[in-house]
Amino acid sequence: MTGQVAAAALMEAWLTCGYDPALASLSFPRYPLRELRPRKLPDGAVELTVAKRGFGYKYRGRRPSTPPRVDLRGVGELLGNHLPCGITIRSVADAGTSIIIIMEEKNDHI
């Protein structure tokens with residue numbers, strides 16, 4: 001899976017799930033390929049970085065003194081349910097001012 005495919009899948013899932021409290025503390029990426037910073041991992045998965053609210057790209061407002069808390073399990077389940085077929089979220093981790101989502105392509109060649 002390429003970084004563009006992973007970013008497009010994540011944005012499609014985010015837009016189809018609508019407003020949800022689990023995503024309220026995340027900054028919606030306006031420039032997905034620049035803001036999500038897709039990085040291909042050696043095993044074929046792709047790592048995406050999503051900024052927390054107040055720490056987004058070109059954010060001009062006052063930054064909070066502490067980053068907001070994010071329900072990592074809720075974000076993973078919510079976005080995972082709306083991803084296109086064949087793409088799954090392997091893990092969601094907190095990285096201070098952002099969260100890291102690792103996505104992989106599911107191969108069902110039985």
Side-chain angles (χ1 to χ4, degrees):
M1 173 171 35
T2 65
Q4 282 185 316
V5 171
L10 182 72
M11 293 307 298
E12 180 180 339
W14 199 329
L15 290 172
T16 56
C17 67
Y19 175 78
D20 193 271
L23 299 177
S25 57
L26 299 178
S27 176
F28 185 78
R30 293 187 185 108
Y31 308 99
L33 288 178
R34 182 178 293 169
E35 292 181 54
L36 295 176
R37 299 187 300 262
R39 185 173 70 99
K40 188 141 175 117
L41 300 176
D43 63 351
V46 176
E47 178 183 281
L48 301 170
T49 305
V50 180
K52 291 183 179 178
R53 184 167 303 281
F55 294 91
Y57 180 73
K58 290 188 175 181
Y59 182 75
R60 293 182 185 269
R62 185 173 178 184
R63 295 195 190 276
S65 58
T66 59
R69 294 190 53 166
V70 177
D71 177 19
L72 300 177
R73 184 173 174 203
V75 169
E77 288 179 4
L78 181 68
L79 293 176
N81 291 338
H82 293 283
L83 283 174
C85 292
I87 299 176
T88 59
I89 293 180
R90 184 194 302 169
S91 67
V92 180
D94 195 345
T97 59
S98 61
I99 65 167
I100 297 172
I101 299 174
I102 298 178
M103 300 174 68
E104 63 185 355
E105 222 168 359
K106 187 171 43 172
N107 293 333
D108 293 334
H109 299 294
I110 298 174

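Contact detail for Ile100 and Thr49: the closest heavy-atom pair is CG1-OG1, 4.4 Å. Closest approach of Gly80 and Ile89 over heavy atoms only: N-CD1, 3.8 Å. In this structure, Lys52 and Gly96 approach most closely via the heavy-atom pair NZ-O, 2.9 Å. The two residues Tyr57 and Arg34 have their closest heavy-atom pair at OH-NH1, 2.9 Å. A pairwise comparison of heavy atoms in Pro29 and Trp14 identifies CD-CZ3, 3.5 Å as the closest pair. What you find for Gly56 and Ser27 is that their closest heavy atoms are CA-OG, 3.7 Å.
In this structure, Gln4 places its CD atom where only 12 or fewer heavy-atom neighbours from other residues, nucleotides or ligands lie under 6.0 Å away.
In this structure, Leu41 and Val46 have side chains that are not in contact, with every pair of non-hydrogen atoms separated by 4.5 Å or more. Side-chain contact check for Ile99 versus Leu72: some heavy-atom pair is nearer than 4.5 Å. Considering only heavy atoms from C-beta on, Phe28 comes within 4.5 Å of Met11 through its side chain.
In terms of hydrophobic clustering, with Ile, Leu, Val, Met, Phe, Trp and Tyr side chains grouped at heavy-atom distances under 4.5 Å, Val5 and Tyr31 are assigned to different clusters. Side-chain heavy atoms closer than 4.5 Å link hydrophobic residues (I, L, V, M, F, W, Y) into clusters, and following such links, even through other members, never connects Leu15 to Leu33. Residues Val50 and Ile102 fall into different hydrophobic clusters, defined by Ile, Leu, Val, Met, Phe, Trp and Tyr side chains chained together at heavy-atom separations under 4.5 Å.
With rounding to the nearest 0.5 angstrom, the CE atom of Met1 is 7.5 Å from the NZ atom of Lys40. Atoms CG and CG, on Leu78 and Asp20 in that order, are 4.5 Å from each other to the nearest 0.5 Å. Here CG of Leu26 is found 7.0 Å from CD1 of Ile101. Values are rounded to the nearest 0.5 Å. The line from CG of Leu23 to CZ of Arg53 is 10.0 Å long, rounded to the nearest 0.5 Å. Distance check: Leu36 CG to Leu10 CG gives 6.0 Å after rounding to the nearest 0.5 Å.
No donor-acceptor pair under 3.5 Å is formed between the side chain of Glu104 and the backbone N or O of Gly44.
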Let me see the working for Arg90 and Asp43 under side chain to side chain contact (heavy atoms under 4.5 Å, CB included), right down to the final yes or no.
-> CA-CA 12 Å; Arg90 184 194 302 169; Asp43 63 351; 2.6 Å; yes
Run the numbers on Thr88 and Leu83 for side chain to side chain contact (heavy atoms under 4.5 Å, CB included), then give the verdict.
-> CA-CA 7 Å; Thr88 59; Leu83 283 174; 5.6 Å; no
